[in-house]
2 protein chains.
Amino acid sequence: MTATAPRPTLEAVAARAGVSRATVSRVVNGGDGVREPLVERVRKAVEELGYVPNQAARSLVTRRHDAIAVVVAEPETRVFADPFFALQLRGISKELTAHDNQLVLLLTEGRDDHARVGRYLAGGHVDGALVFSLHLDDPLPELIQRAGVPTVFGGRPDWSGDRRGVVYVDSDNRGGARDAVRHLAGLGRTRIAHITGALDQTSAVDRLDGYRDVMVDADPRLIVEGDFTPAGGERAMRELLARCPDLDAVFAANDLSAAGALRVLREAGRRVPDDVAVVGFDDMLPVAEQTEPSLTTIRQDIEEMGRLMARLLLRGLERDAAELGIGAAPSSVVLPTTLVRRASA
Amino acid sequence: MTATAPRPTLEAVAARAGVSRATVSRVVNGGDGVREPLVERVRKAVEELGYVPNQAARSLVTRRHDAIAVVVAEPETRVFADPFFALQLRGISKELTAHDNQLVLLLTEGRDDHARVGRYLAGGHVDGALVFSLHLDDPLPELIQRAGVPTVFGGRPDWSGDRRGVVYVDSDNRGGARDAVRHLAGLGRTRIAHITGALDQTSAVDRLDGYRDVMVDADPRLIVEGDFTPAGGERAMRELLARCPDLDAVFAANDLSAAGALRVLREAGRRVPDDVAVVGFDDMLPVAEQTEPSLTTIRQDIEEMGRLMARLLLRGLERDAAELGIGAAPSSVVLPTTLVRRASA
DNA sequence: ATGAAAGCGCTAACAG
DNA sequence: CTGTTAGCGCTTTCAT
């Protein structure tokens with residue numbers, strides 16, 4: 001907790017190097033159009049004084065902040081139950097760092113915070129935003145749209161409003177789900193059940209759609225709603241066992257609910273994978289590797305999703321700056337998933 | 001990805017309200033010393049124009065940013081394996097939000113990033129920093145000390161340098177470890193083993209010390225080094241079983257390694273808790289509740305740690321601002337832990 | 001290629 | 001109590 005010392009200004013550097021402020025500014029910003037000897041002198045002065053530009057002063061004139069906001073809505077939900085969030089952030093951080101941008105984190109706890117976030121975004125404190133809106137009825141996307149901040153969404157947002165220009169990055173939830181179910185089918189299973197995720201999130205809906213793509217005329221009783229939690233998985237599994245004692249496979253919407261299902265199956269005396277094969281989704285290591293038996297699941301590259309979101313946003317900002325119509329506005333990306341085979345299926 | 005519109009300035013609000021910029025500024029910043037009718041007029045103008053202060057301009061003169069940096073060193077390690085990080089952040093975020101401060105997240109990937117972080121911190125972009133330095137030999141604390149930014153550390157930093165004024169928030173790792181071991185002893189166990197964490201982190205060292213506090217003259221073979229991972233836990237457990245087949249309890253430095261140990265015990269045909277009782281540390285829900293049997297462990301209030309760090313820092317900043325000697329500089333805090341009893345011990 | 005000068009939007013003395 | 005004024009540190013025309 002030490003106090004902070006006064007820092008040297010451009011003026012000071014200029015004086016020391018015997019040039020004008022303008023010249024120092026040029027050098028600091030890349031040094032184009034300044035003759036080598038001067039560049040050298042200025043660099044030296046900067047070094048000696050330990051000069052660091054004052055970002056506030058710079059932003060005031062450039063109207064750029066080299067900062068982007070990461071908005072995470074309602075963390076209580078999924079975000080804090082798994083490393084998802086952290087990995088995503090890591091990817092984002094890496095990309096932003098590579099482009100000298102700062103990451104301003106905005107966590108919201110329920111509706112009360114939306115106004116705050118809206119105000120902040122509208123306040124022009126950041127150049128853009130990366131938004132994770134988990135729930136279908138989330139008003140945040142609208143809010144942000146109105147704030148007029150360039151934005152990339154994490155996960156396909158469910159949006160009743162104008163979709164033009166909405167950019168998002170998502171995993172191929174539907175395709176991944178199809179792969180999971182096909183894998184099960186390939187194992188010779190025919191009574192394949194599905195434990196859904198919380199259906200107010202697009203990822204859960206998409207995974208359910210993927211399941212249906214393969215199980216076109218599945219017994220509707222084979223589908224039970226879960227909520228992405230282990231407890232939900234247990235509940236759903238019990239329900240399934242009661243409804244369809246003859247099931248021979250389960251595709252759970254995520255690893256956490258698969259873990260719950262596994263526990264119930266064991267209690268019920270069903271052997272996995274012999275009697276019932278189980279596939280999860282996410283490949284959340286601490287869970288998938290720890291279950292008994294270890295979990296076959298669908299992996300998504302979370303970190304890459306984060307990186308991509310940042311890349312897309314930054315690219316969009318450059319384009320904005322250049323005011324070019326060419327190079328087209330960035331468009332949404334859906335990342336592939338892969339099946340990771342372990343012991344459960 | 002929409003473009004951002006030009007925003008109204010203080011000037012514009014002043015014009016609309018028919019007052020001077022200074023008056024508007026006063027109103028915007030609390031409105032002390034401005035007569036009610038004027039306050040009202042200005043508020044209305046602000047509302048109508050949708051005015052939001054330009055933070056850059058404000059910072060330029062006040063030299064405050066109302067932003068603090070959260071520095072997380074080397075995320076690959078522990079941070080991304082569990083919800084620790086996310087919870088900590090949530091606590092920090094809540095506290096900062098309550099005081100209208102922004103959270104700037106700085107993630108570092110190895111040494112190369114240290115210079116960048118040092119530069120940023122020294123650059124006076126934030127009013128203070130919250131730093132998580134996990135490893136004993138981390139040069140980051142030194143760097144930050146030099147940058148002269150008010151800082152609070154998460155977890156006791158191992159610091160060879162000047163300790164004066166170093167403020168940190170930590171869990172009572174040592175006390176928690178003692179509780180864990182005493183609990184085991186209370187169960188009548190006498191051959192209590194310890195799987196340590198990565199001993200380049202103070203938390204691991206402190207937990208080991210706690211174990212030793214109780215097992216004053218323990219068989220040294222009962223202590224095996226782990227690394228906080230499930231794989232490390234497995235390895236350590238195998239080693240322990242080979243060395244001391246007669247052990248009747250294990251205290252693992254965290255839940256993840258306890259999970260690994262549990263698996264090895266099961267493979268070895270040892271019943272838990274009948275043959276061997278097991279206690280973990282952290283109470284990391286997705287793990288502790290999922291193990292077979294569920295894990296008895298030491299809980300730390302992670303979110304509260306985060307909140308407290310932020311509170312301490314902000315308090316220190318206020319004090320700095322007030323330049324008061326009274327109210328003493330904030331000092332470190334060690335939070336209590338609690339034993340959570342489940343099935344494993 | 002370099003320098004001089006004019007602000008960016010805001011706060012903080014200082015007058016009145 | 002309210003308005004006037006002088007910058008905060010930087011970038012950016014515009015001259016030279």
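Protein chains get the first letters and strands the later ones, always in sequence-line order, with residue 1 at the start of each.
Near DNA chain D, defined here as any heavy-atom distance below 4.0 Å, there are no residues from residues 96-103 of chain B. Against DNA chain D, the stretch residues 35-58 of chain B makes heavy-atom approaches under 4.0 Å through Arg35(B), Leu38(B). Listed by residue number, the members of residues 14-28 of chain A with any heavy atom below 4.0 angstrom from DNA chain C are Val19(A), Ser20(A), Arg21(A), Ala22(A), Thr23(A), Arg26(A).
Between Tyr51(A) and Asn54(A), the shortest heavy-atom contact is OH-N, 4.4 Å. In terms of heavy atoms, Asn101(B) sits closest to Asp66(B) at OD1-C, 2.8 Å. For the pair Pro139(B) and His114(B), the tightest heavy-atom approach, listed with the atom from each and the gap, is CG-ND1, 3.5 Å. The two residues Ser332(A) and Val166(A) come nearest to each other via the heavy atoms OG-O, 3.5 Å. Nearest heavy-atom pair, Ala147(A) versus Gly118(A), reported as atom, atom and distance to 0.1 Å: CB-O, 4.4 Å. Residues Arg90(A) and Leu107(B) share a closest heavy-atom pair of CA-CD2, 3.9 Å.
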Open item on the list: Would Leu106(B) and Gln102(A) count as a side chain to side chain contact (heavy atoms under 4.5 Å, CB included) here? Give the steps.
Closed with: CA-CA 8 Å; Leu106(B) 267 30; Gln102(A) 291 320 318; 3.4 Å; yes
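Between the side chain of His65(B) and the main chain of Gly124(B), a donor-acceptor pair closer than 3.5 Å is present. The backbone N or O of Arg58(B) sits less than 3.5 Å from a side-chain atom of Thr62(B), completing a donor-acceptor pair. Checking side-chain atoms of Ser59(B) against main-chain N and O of Gln55(B) turns up a donor-acceptor pair under 3.5 Å. Side-chain atoms of Arg156(A) do not come within 3.5 Å of backbone N or O of Tyr168(A) as any donor-acceptor pair. Checking side-chain atoms of Asp127(B) against main-chain N and O of Ile68(B) turns up no donor-acceptor pair under 3.5 Å.
Defining each end axis of the helix from dA1(C)-dT16(D) to dG16(C)-dC1(D) as the rotation carrying four pairs' C1' atoms onto the next four, with five pairs an end, the two axes are found to diverge by 40° to 10 degrees.
When Val27(A), Val28(A), Thr23(A), Asn29(A) are each tested for a side chain to side chain contact (heavy atoms under 4.5 Å, CB included) with Ser25(A), only one passes: Asn29(A).
The CZ-P distance, from Arg64(A) to dT11(D), rounds to 14 Å in whole Å. Atom NE2 in His125(B) sits about 14 Å away from atom P in dG9(D), given to the nearest Å. Taking atom NE2 of residue His65(B) and atom C1' of nucleotide dC8(D), one finds them 11 Å apart after rounding to whole Å. To the nearest angstrom, C1' of dT5(D) lies 15 Å from CG of Leu10(B).
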What side-chain donor-acceptor pairs closer than 3.5 Å can you find for residues 30-47 of chain B, not counting sequence neighbours?
| from | atom 1 | to | atom 2 | distance (Å) |
| --- | --- | --- | --- | --- |
| Arg41(B) | NE | Ala17(B) | O | 2.9 |
| Arg41(B) | NH2 | Ala17(B) | O | 3.1 |
| Lys44(B) | NZ | Glu48(B) | OE2 | 3.2 |

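Dashed line: the shortest gap from a side-chain N or O of Arg63(A) to OP1 or OP2 of dT11(D) is not under 4.0 Å.
Running 5' to 3' along DNA chain C, contacts with non-hydrogen atoms of chain B at under 4.0 Å begin and end at dG9(C) to dA13(C).
No salt bridge links Arg315(A) with Glu318(A); every basic N to acidic carboxylate O contact stays at or beyond 4.0 Å.
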